[in-house]
There are 2 protein chains.
Amino acid sequence: MEHINYKEDTEALARFAKALGHPTRIAILRYLENQSCCFTGDLVEVFPLAQSTISQHLKELKLAGLIQGELKPPKIKYCINHENWETAKALFNSFFEIHVEDNACST
Amino acid sequence: MEHINYKEDTEALARFAKALGHPTRIAILRYLENQSCCFTGDLVEVFPLAQSTISQHLKELKLAGLIQGELKPPKIKYCINHENWETAKALFNSFFEIHVEDNACST
DNA sequence: ATTTTACATCGCAAATATACGATAAGAATT
DNA sequence: AATTCTTATCGTATATTTGCGATGTAAAAT
């Protein structure tokens, strides 16, 4: 409830991870990946989920900054937000870079 | 509620991401990182959270396979599970590897 | 045998997430 | 102006998450 103040990097990484923490959202991003970049609401035909549910997942991905929507009336073209994508990538990369010098465990 | 059947990679990535989707858990892992490998329950002194709360976060990290506990009575030594860590790292790496050939958007 | 130490687990409350159908909203078409 | 198409949002139900204090547990120390 209260807010512990973590470093901004930590919070940012957790936010990205949270957005990626649902298989449907991973699948949506992979789909966007395959479509090279763009896409329309045919996600609804690809996934066995209600349109409102898909829309909600897209909203979360957008909120996390991983995708962006561009109005192409009457449709909306969703693309990966490459700037934030790179940010996320870098955060995960450096997070997973662990330098374990041997097994220096204090037994 | 029902289970859409995603590819195992997708589910695995989402599981890891979900476990990383809380700043406290990121911070715990970073702490483990800094301690080279091992650690005891002094997390409770580091974080302004109840012991039961810390224990719960550790449980989730353990469930996700990111850490492991070794009994060193009367304490428990937690370490990063390097095997699964590498698995997660590889999953995130390949996920973020996007090859966008130009901006081949179908406008 | 009792006490202490170090964690885990239980039970609870509040908040958040997930999914759906129904409805709203915006622009284009008729 | 009414209809259609595409997407967002609302309201709701259920499930999961997060946090806490209290209690349980297992081994070590007294």
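Order of the sequence lines fixes the chain letters, A, B, ..., with proteins taken first and strands second; residue numbering starts at 1 for each chain.
Screening residues 13-22 of chain B for salt bridge (Lys or Arg N to Asp or Glu O under 4.0 Å), with sequence neighbours left out, gives B:Glu8-B:Arg15.
D:dA27 atom C1' lies 18 Å from atom NZ of B:Lys77, rounded to whole Å. In this structure, CG of B:Leu58 is placed 12 Å from C1' of C:dA6, rounded to the nearest angstrom. Here C:dC10 presents its P atom at 7 Å from NZ of B:Lys59, a figure rounded to the nearest Å. The interatomic distance linking B:Tyr78 (OH) with C:dA6 (P) rounds to 14 Å, in whole Å. To the nearest angstrom, C1' of D:dG19 lies 15 Å from CZ of B:Phe47. Per the geometry, NE2 belonging to B:His57 stands 16 Å off C1' belonging to C:dT9, to the nearest Å. At whole-Å resolution of the value, CG in B:Leu61 and P in C:dC7 are 15 Å apart. Taking atom CD1 of residue A:Ile54 and atom P of nucleotide D:dT9, one finds them 15 Å apart after rounding to whole Å.
Judged as a side chain to side chain contact (heavy atoms under 4.5 Å, CB included), and not counting sequence neighbours, the contacts of B:Glu83 are B:Asn81. Partners of B:Phe92 by ring pair (Phe, Tyr, Trp, His ring centres under 6.0 Å), not counting sequence neighbours, listed by chain and number: A:Phe92, A:Phe96. Applying the side chain to side chain contact (heavy atoms under 4.5 Å, CB included) criterion to B:Lys7, with sequence neighbours excluded, gives B:Thr10. Listed by chain and number, the residues in a salt bridge (Lys or Arg N to Asp or Glu O under 4.0 Å) with A:Glu70 are A:Lys72, A:Lys77 (sequence neighbours excluded). Taking B:His57 as the reference, B:His22, B:Thr24, B:Arg25, B:Ile28, B:Thr53 meet the side chain to side chain contact (heavy atoms under 4.5 Å, CB included) condition, with sequence neighbours excluded. In terms of the side chain to side chain contact (heavy atoms under 4.5 Å, CB included) criterion, residue partners of B:Val44 (sequence neighbours excluded) are, by chain and number, B:Gln51, B:Ile54.
Taking the six-membered ring wherever Trp is involved, the centroid distance between the rings of B:Trp85 and B:Phe16 does not fall below 6.0 Å.
Contacts with DNA chain C (heavy atom under 4.0 Å) in residues 12-26 of chain A: A:Lys18, A:His22, A:Arg25, listed by number.
Two end axes, each from the C1' atoms of five base pairs, can be drawn for the helix from C:dA1-D:dT30 to C:dT30-D:dA1; they diverge by 0°, to 10 degrees.
If you take CD1 on A:Ile67 and SG on A:Cys79, they are separated by 9.0 Å, rounding to the nearest 0.5 Å.
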Taking N or O atoms only and anything under 3.5 Å, show me the protein contacts with nucleotides 21-30 of chain C, one pair per line.
from	atom 1	to	atom 2	distance (Å)
C:dG21	N7	A:Ser52	OG	3.3
C:dG21	O6	A:Ser52	OG	3.2

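Taking 4.5 Å as the limit, every side-chain heavy atom of A:Leu20 sits out of range of all side-chain heavy atoms of B:Leu13.
Side-chain proximity of A:Glu60 to the nucleotides C:dC7, D:dA8, C:dT18 is greatest for C:dT18. Here D:dA8 is the nucleotide among D:dA8, C:dC20, D:dG19 with the atom lying nearest to any side-chain atom of A:Ile76.
Under the 4.5 Å side-chain heavy-atom criterion for Ile, Leu, Val, Met, Phe, Trp and Tyr, A:Leu61 and B:Ile4 are members of the same hydrophobic cluster.
At the heavy-atom level, B:Gln56 lies under 4.0 Å from base atoms of the strands shown.
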